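Fair warning: this is a prediction, and the values are worked out from it, not measured in the lab. Indexing begins at 1, ligand by ligand and atom by atom, following the structure's order. The figures here come from the full heavy-atom set of this structure, side chains too, leaving out hydrogens, waters and symmetry mates.
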Amino acid sequence: MKALIEREGHSAVAESVRVVLARLRHEIGQSQLDEKSLDLALGGLSTAVERQLRESLSYSLRPLINATGVILHTNLGRAPLAACALDRVGDTASAYSNLEFDLATGERGKRDVHVDRLFGKLLSNDPVNDPVEAHSRAAISTIVVNNNAAAVLLALNSLAEGGEVIVSRGELVEIGGSFRIPDVMSKSNATLREVGTTNRTRIADYDSAINDRTRLLLRVHRSNFEITGFTEQPGLDELVVLARRRNLPLMEDLGSGALIDLRSVGINGEPGVLDSLRAGVDVVTYSGDKLLGGPQAGLISGRADLVARLRSNSLFRALRVDKLTYAALEATLLAYVKRDHNAVPVLRMLRLSKDEITSRVKKIVSEVKSAQLKHLKLELLDGESVVGGGAAPSAVLPTRLIALCHTHLSADELNARLRASTPPVVARLEEGRVLIDLRTVFPEQDAVLIETLHSLG
Ligand SMILES: *Cc1c(COP(=O)(O)O)cnc(C)c1O
């Protein structure tokens with residue numbers, strides 16, 4: 001006990017002793033122990049205290065190996081941060097900073113300036129000489145809130161409180177975790193005006209729904225589903241024309257909001273932030289920890305006069321983010337400005353080719369095979385990784401999978417054993433098989449993964 005107290009402190013050890021004794025008393029009171037097991041329990045008290053202590057002092061939130069191949073897995077914390085972002089968080093968090101302090105004047109500053117500058121660069125970095133483009137470029141500003149759900153809430157409340165917002169019935173999305181467009185709409189105190197049908201909405205539907213209570217046209221990205229078959233949806237350009245003609249702002253909830261052209265990684269039909277702003281959308285909202293690959297945040301980019309209305313809403317104060325988010329976001333954006341896309345793990349994983357994955361797969365398989373395990377069998381398979389996180393619902397990236405099978409364990413049991421390892425490994429369970437997709441495993445984790453496989457025998 002003395003050694004434990006020295007290591008972990010008196011109060012934590014005392015607490016564990018109390019828990020262990022209370023449990024033992026309870027068991028005695030319930031007559032669950034005969035004399036022999038009581039002796040055993042008393043003899044093992046110090047071990048029990050140590051175990052209890054370890055359990056109570058262990059972290060609940062722990063890093064793990066994502067072997068699912070789902071790059072933006074909401075349950076697994078979405079985007080891992082870039083190393084440069086981590087460094088920046090460490091430096092900024094452990095010291096005072098100019099979060100809301102203007103170093104030039106010595107006066108109070110605004111926290112949003114720290115990233116607005118970089119978003120400004122990134123969202124206008126194309127040297128297009130189109131005067132319309134030049135006009136909209138000059139006036140784009142960006143603010144940051146807690147997440148995209150907060151961004152949508154703030155935007156709807158600021159731009160449409162007490163009025164109507166027109167949305168297509170094919171875009172009344174539920175993202176999961178209770179983000180549903182109709183619910184967010186009512187919380188924002190705006191009235192949802194549905195138009196069209198589930199599968200077909202025409203521009204005329206929007207046009208004829210506009211009345212003097214209309215405040216906003218809203219387009220919502222179908223992040224996690226597709227509508228196929230007999231379908232119709234007006235193009236963004238048609239919505240822009242209508243919004244301008246009727247003098248209404250047009251907002252788009254992009255969900256993921258890529259800052260790179262996804263066509264470069266073989267994903268088509270996913271609009272980026274720049275595409276939407278260039279098309280003339282007035283305000284776009286998107287997440288910081290989806291395709292952007294940064295910290296959890298909700299970004300609102302658009303016409304400066306509209307964004308200023310959001311900023312002056314008292315909800316903005318309630319939804320604002322802390323210095324750590326700004327630090328991580330600024331560092332991530334700087335990587336984009338420097339076009340150092342490989343610094344951002346999400347972008348690196350997106351760009352990983354099947355060949356690169358295959359060569360790592362082969363290495364792992366040969367190492368595990370050389371250990372001549374009795375019960376674990378490995379097999380190689382062609383497969384597909386998905387982006388996840390409400391981005392590109394139908395886009396798949398070709399990959400090479402390792403299928404695991406075990407002579408004594410079912411796929412479920414095998415999966416549970418992987419989850420119980422240190423660090424936990426979360427694999428894919430498909431058609432009764434455990435599959436490992438290295439796309440989302442960091443190459444530095446390959447060695448630990450091999451050890452884990454060895455331990456499965
Ligand atoms: C993911 C998503 C959201 C929610 O974003 P969070 O950052 O998780 O709050 C909202 N709308 C769409 C379309 C999304 O894809």
Side-chain angles (χ1 to χ4, degrees), residues 70-81 115 119 142-157 159-160 165 167-188 190 192 201 216-227 233 236 239 250-259 262 267 269-273 275-277 281 283-302 310 315-316 318-322 324-326 328-329 332 346 350 386-395:
V70 181
I71 299 175
L72 298 167
H73 200 305
T74 299
N75 303 147
L76 304 184
R78 289 201 189 147
L81 287 183
V115 293
F119 274 114
T142 299
I143 54 172
V144 189
V145 288
N146 186 46
N147 53 25
N148 187 32
V152 174
L153 177 71
L154 176 66
L156 292 177
N157 180 260
L159 302 177
V165 180
V167 191
S168 158
R169 288 197 170 88
E171 298 171 13
L172 296 176
V173 171
E174 168 171 330
I175 297 301
S178 78
F179 179 91
R180 296 170 133 196
I181 289 294
D183 296 346
V184 178
M185 192 75 74
S186 67
K187 289 281 182 206
S188 73
L192 171 64
T201 303
L216 184 70
L217 305 185
L218 174 65
R219 150 81 42 114
V220 184
H221 185 54
R222 292 176 187 151
S223 291
N224 49 8
F225 70 105
E226 280 196 322
I227 296 181
Q233 185 186 32
L236 212 47
L239 282 172
L250 171 64
M251 163 173 158
E252 184 174 23
D253 173 11
L254 273 175
S256 204
L259 291 183
L262 288 176
I267 297 174
E270 272 296 300
V273 179
D275 294 321
S276 291
L277 291 174
V281 177
V283 175
V284 295
T285 69
Y286 48 105
S287 296
D289 57 354
K290 288 186 180 173
L291 281 173
L292 195 151
Q296 179 189 304
L299 290 331
I300 304 157
S301 300
L310 273 60
L315 260 185
F316 177 59
L319 302 173
R320 76 181 187 188
V321 297
D322 72 331
L324 305 191
T325 303
Y326 276 104
L329 193 54
T332 309
V346 165
L350 273 174
V386 297
V387 180
S394 59

Subject >> Main-chain N/O of Val321 paired to Thr325 side chain as donor or acceptor, under 3.5 Å >> reply: no
Original post:
Among all residues two or more places apart in sequence or in another chain, which pass the side chain to side chain donor-acceptor pair (under 3.5 Å) test with Arg222?
Top reply: none
Original post:
Among Glu252, Arg219, His221, which residue meets the side-chain hydrogen bond (donor to acceptor under 3.5 Å, both in side chains) test with Ser276?
Top reply: Glu252
Subject >> Shell of residues surrounding ligand 1, defined by a 4.0 angstrom heavy-atom cut-off that is strict >> reply: Arg78, Asn147, Asn148, Ala149, Ile175, Phe179, His221, Ser223, Asp253, Gly255, Ser287, Lys290, Gly390
**OP:** Please check if the side chain of Ser287 supplies one atom and the backbone of Asp289 the other of a donor-acceptor pair under 3.5 Å.
**Re:** no
Original post:
When you measure from the side chain of Asn157 to the backbone N and O of Ser188, does any donor-acceptor pair fall under 3.5 Å?
Top reply: yes
**OP:** Answer yes or no: does atom CZ of Arg169 have more than 12 heavy-atom neighbours from other residues, nucleotides or ligands under 6.0 Å?
**Re:** yes
